[in-house]
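The block underneath contains the structure these notes are about, expressed in structure tokens.
Just the heavy atoms: all of them, side chains too, but no hydrogens, waters or symmetry mates, feed the values below. Quick note on labels: first sequence line is chain A, next is B, and so on, each numbered from 1.
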Amino acid sequence: MSATKKSNNEARLKPVRPSGKTDDSIFDLIYAVARQIPKGRVTSYGAIAKAIGSGKSARIVGWAMSNAGRVKPKVPAHRVVNSVGLLSGKHAFKTPNYMQELLEKEGVQVKNDKVVDFKTRFWNPLEELF
DNA sequence: CGGTTGACTTAAG
DNA sequence: ACTTAAGCCAACC
């Protein structure tokens, strides 16, 4: 197979938007930050929003996370919760309980759909990436 | 093009 | 701790 087989790879690390586009967008930035979340730590949608410079576009982060399941490489969307540590996105996983199990598997305690000691487990991209 | 929706956030009562 | 309200922005119809 000495033929030039360039297609097939070309390192398409760009995330796939809902529209199927792989253009640069805030989605790219969101996924990029989300992948930086250390194991056993969590962050919030708003924190990511600030990290990418949008600040108040936390809802877009949530939107992007809903697409995280179809994005490559995999995005640890289970490590992203809302501002009070609530697993607001658990319903988007295979099973509503899958998100909690993933977190517990990483050492994050979850009680009543809420991250235990959230403030300590919180990972601030603005400070950690700085 | 416009109204609605959503894995959000902050503020105020 | 709970409810309301307003701000935000991309996708959807």
message: Under a 3.5 Å distance rule, please check whether A:Y45 uses its side chain to pair with a backbone N or O of A:W63 as donor and acceptor.
response: no
- request: Evaluate the side chain to side chain contact (heavy atoms under 4.5 Å, CB included) criterion for residues A:F118 and A:V84: first the C-alpha distance (whole Å), next the side-chain angles of each, then the deciding distance (0.1 Å), finally the verdict.
  value: CA-CA 8 Å; A:F118 172 62; A:V84 298; 6.0 Å; no
Check: A:M99 and A:V110 side chains under 4.5 Å, non-hydrogen atoms: no
field: Nearest-angstrom distance from the residue atom CZ of A:R79 to P of B:dA7
entry: 22 Å
- request: Round to the nearest Å and state the distance from A:K50 atom NZ to B:dC8 atom P.
  value: 16 Å
query: Heavy-atom contacts under 4.0 Å between residues 92-108 of chain A and DNA chain B, which residues?
result: A:A92, A:F93
- prompt: What nucleic acid atoms does A:S88 come within less than 4.0 Å of, heavy atoms only: base, sugar-phosphate, or nothing?
  reply: sugar-phosphate
statement: Between A:F122 and A:A47 the two heavy atoms that sit nearest each other are CZ-CB, 3.6 Å
- request: Consider the side chain of A:N82, meaning its heavy atoms from C-beta on, and name the nucleotide among B:dA7, C:dA11, B:dT9 that approaches it most closely.
  value: B:dT9
- prompt: Rounded to whole angstrom units, what separation is found between the OH atom of A:Y45 and the C1' atom of B:dT9?
  reply: 13 Å
Closest to the A:S57 side chain, choosing from C:dA11, B:dT9, C:dC9: C:dC9
query: Given atom CD1 of A:I52 and atom P of C:dC9, what is their separation to the nearest angstrom?
result: 11 Å
- request: May I have the step-by-step check of side chain to side chain contact (heavy atoms under 4.5 Å, CB included) for A:N124 and A:T43, ending in yes or no?
  value: CA-CA 6 Å; A:N124 189 343; A:T43 192; over 6 Å; no
- prompt: A:N124 CG to B:dT9 C1': how many Å, rounded?
  reply: 15 Å
message: Let's see if you can work this out: which of B:dT9, C:dA10, C:dC8 has an atom nearest to the side-chain heavy atoms of A:K56?
response: C:dC8
task: Could you state the atom-to-atom distance from CD1 of A:I60 to P of B:dT5 in whole Å?
output: 16 Å
query: Expressed in angstrom and rounded to an integer, what is the separation of A:M65 atom CE from C:dC9 atom P?
result: 18 Å
message: Within the structure provided, determine whether A:V42 and A:I37 are in side-chain contact (heavy-atom separation under 4.5 Å).
response: no
Distance test, side-chain N/O of A:S83 to OP1/OP2 of B:dC8, below 4.0 Å: no
message: Suppose we call a contact any N or O donor and acceptor under 3.5 Å apart; does that hold for the side chain of A:R59 and the base of C:dC8?
response: yes
statement: Between CZ of A:F118 and P of B:dT9 the distance, given in whole Å, is 8 Å
- prompt: Does any non-hydrogen side-chain atom of A:Y98 lie less than 4.5 Å from one of A:H78?
  reply: no
task: Check every strand shown and say whether A:A77 touches a base, only sugar-phosphate, or nothing at a heavy-atom separation below 4.0 Å.
output: base
